[in-house]
There are 2 protein chains.
Amino acid sequence: MLTSKGKYALRAAVYLARHHGAENWTLATEIAEAEAIPKKFLEAILVELRDNHIVTSRRGRNGGYRLSQAPERIGAGDVIRVIDGPLALTPCTSRTQPGPCHDCVDPAICTLRPVLQKARDAIAAVLDGNSLADLVDSVGHSAG
Amino acid sequence: MLTSKGKYALRAAVYLARHHGAENWTLATEIAEAEAIPKKFLEAILVELRDNHIVTSRRGRNGGYRLSQAPERIGAGDVIRVIDGPLALTPCTSRTQPGPCHDCVDPAICTLRPVLQKARDAIAAVLDGNSLADLVDSVGHSAG
DNA sequence: TATTTTACTACTAGGATAATAGGAATTGCA
DNA sequence: TGCAATTCCTATTATCCTAGTAGTAAAATA
């Protein structure tokens with residue numbers, strides 16, 4: 001399951017994608033109201049997205065946030081990874097932040113790894129295969 | 001990410017699959033030692049698996065646990081669902097325990113749903129497509 | 001310099017996680 | 001009948017995570 005924070009992040013990113021434009025800066029307040037996200041919480045999320053180069057921010061008057069790249073170039077998985085961590089089901093099957101499972105007896109002969117690896121690849125294929133632009137377009141139609 | 005509990009459950013289930021036999025009852029102590037799982041914690045897990053008809057237990061002397069069905073008929077997803085809950089990334093995309101996302105403005109026009117639905121299907125295809133018997137066989141070879 | 005807006009730091013309530021402890025109930029065997 | 005093995009049940013605990021809230025600092029612009 002995603003955390004609320006992760007979903008908020010994705011919704012905010014999609015909002016920015018929907019309003020993306022060369023010099024179009026969107027206010028945190030606007031996103032918070034439109035998406036019903038607690039404003040202060042959203043600010044913290046946007047800072048994390050900024051630190052991870054998903055969004056760019058500008059302070060002061062006429063400031064706000066915008067995507068760092070075109071919506072077509074940012075995957076849903078990119079946003080989720082930043083806020084909720086790796087897509088994998090275990091540290092040992094993560095590609096972006098691989099690490100040992102502390103409760104694993106012997107990684108070399110782990111019975112679970114092959115399936116969990118396949119699961120990770122399947123999740124990543126979907127979430128990395130769908131850009132924010134795709135999400136904007138997908139409203140209403142659940143096929144694709 | 002799976003919880004430790006979920007991984008313990010899956011490892012225990014695979015252990016039972018490896019030692020599956022008509023009247024073969026395996027002790028919790030044996031599984032705990034072989035898989036390095038805290039015994040008391042494992043007992044609680046096995047009780048949950050029993051309540052959800054994944055394993056069958058027998059008390060007293062010569063007691064123990066065994067799978068309720070042939071290892072070929074129990075999917076990795078079945079075990080994970082019992083211990084860690086739905087495979088879906090959000091309640092609204094769960095097939096086995098569907099529910100509303102409390103932070104969702106309007107489910108009908110949710111921008112995230114289509115992708116999350118696809119993600120769920122992808123995860124489920126892998127985890128439901130691999131039985132405990134498959135996991136037993138997959139040791140060593142990570143392809144398949 | 002006043003106002004807008006993001007950025008930063010600190011704090012908190014509640015719940016989940018990962019156990020541990022102790023004993024009760026059940027079964028088989030001598 | 002009683003003892004030992006084993007699962008089953010009820011509590012309790014320490015630690016971390018989640019989902020925020022509050023207040024203030026810093027920056028940019030008009």
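Throughout, protein chains are lettered first and strands after them, A, B, ... in sequence-line order, and every chain is numbered starting at 1. This is a predicted model, so every value here is computed, not measured.
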To the nearest Å, give me how far apart [atom1] ([X]) and [atom2] ([N]) are.
X	N	atom1	atom2	result
B/Glu43	D/dA11	CD	C1'	15 Å
B/His102	C/dG15	NE2	P	13 Å
B/Arg66	D/dT7	CZ	P	15 Å
A/Leu49	C/dA7	CG	P	11 Å
A/Ile83	D/dT18	CD1	P	11 Å
A/Glu30	C/dT5	CD	P	11 Å
B/Phe41	C/dA21	CZ	P	14 Å
A/Asp51	C/dA7	CG	C1'	10 Å

Side-chain N or O of [X] versus OP1/OP2 of [N]: is the shortest distance under 4.0 Å?
X	N	answer
A/Arg50	C/dC8	yes
B/Tyr65	D/dC8	yes
A/Arg58	C/dA7	no
B/Ser57	D/dT6	no
B/Asn62	C/dC29	yes
A/Tyr8	D/dA19	no

A/Gly60 vs B/Lys40, nearer the 5' end of DNA chain C by closest nucleotide: A/Gly60

Of A/Arg59 and A/Thr3, the one whose closest DNA chain D nucleotide lies more 5': A/Thr3

Contact nearer the 5' end of DNA chain D, comparing B/Leu27 with A/Lys5: B/Leu27

Measure from the side-chain N and O atoms of [X] to the backbone N and O of [Y], and report whether any donor-acceptor pair falls under 3.5 Å.
X	Y	answer
A/Arg81	A/Thr96	no
A/Asp84	A/Ile80	no
A/Arg59	A/Gly63	no

Check: D/dG20 base within 3.5 Å donor-acceptor of A/Lys39 side chain: no

Rounded distance [0.5 Å steps], OG1 in A/Thr3 versus CG in B/Leu89: 11.0 Å

Sugar-phosphate, base or nothing in reach of B/Ala44, heavy atoms under 4.0 Å: nothing

Sole residue of A/Arg18, A/Glu35, A/Arg11 in side chain to side chain contact (heavy atoms under 4.5 Å, CB included) with B/Thr111: A/Arg18

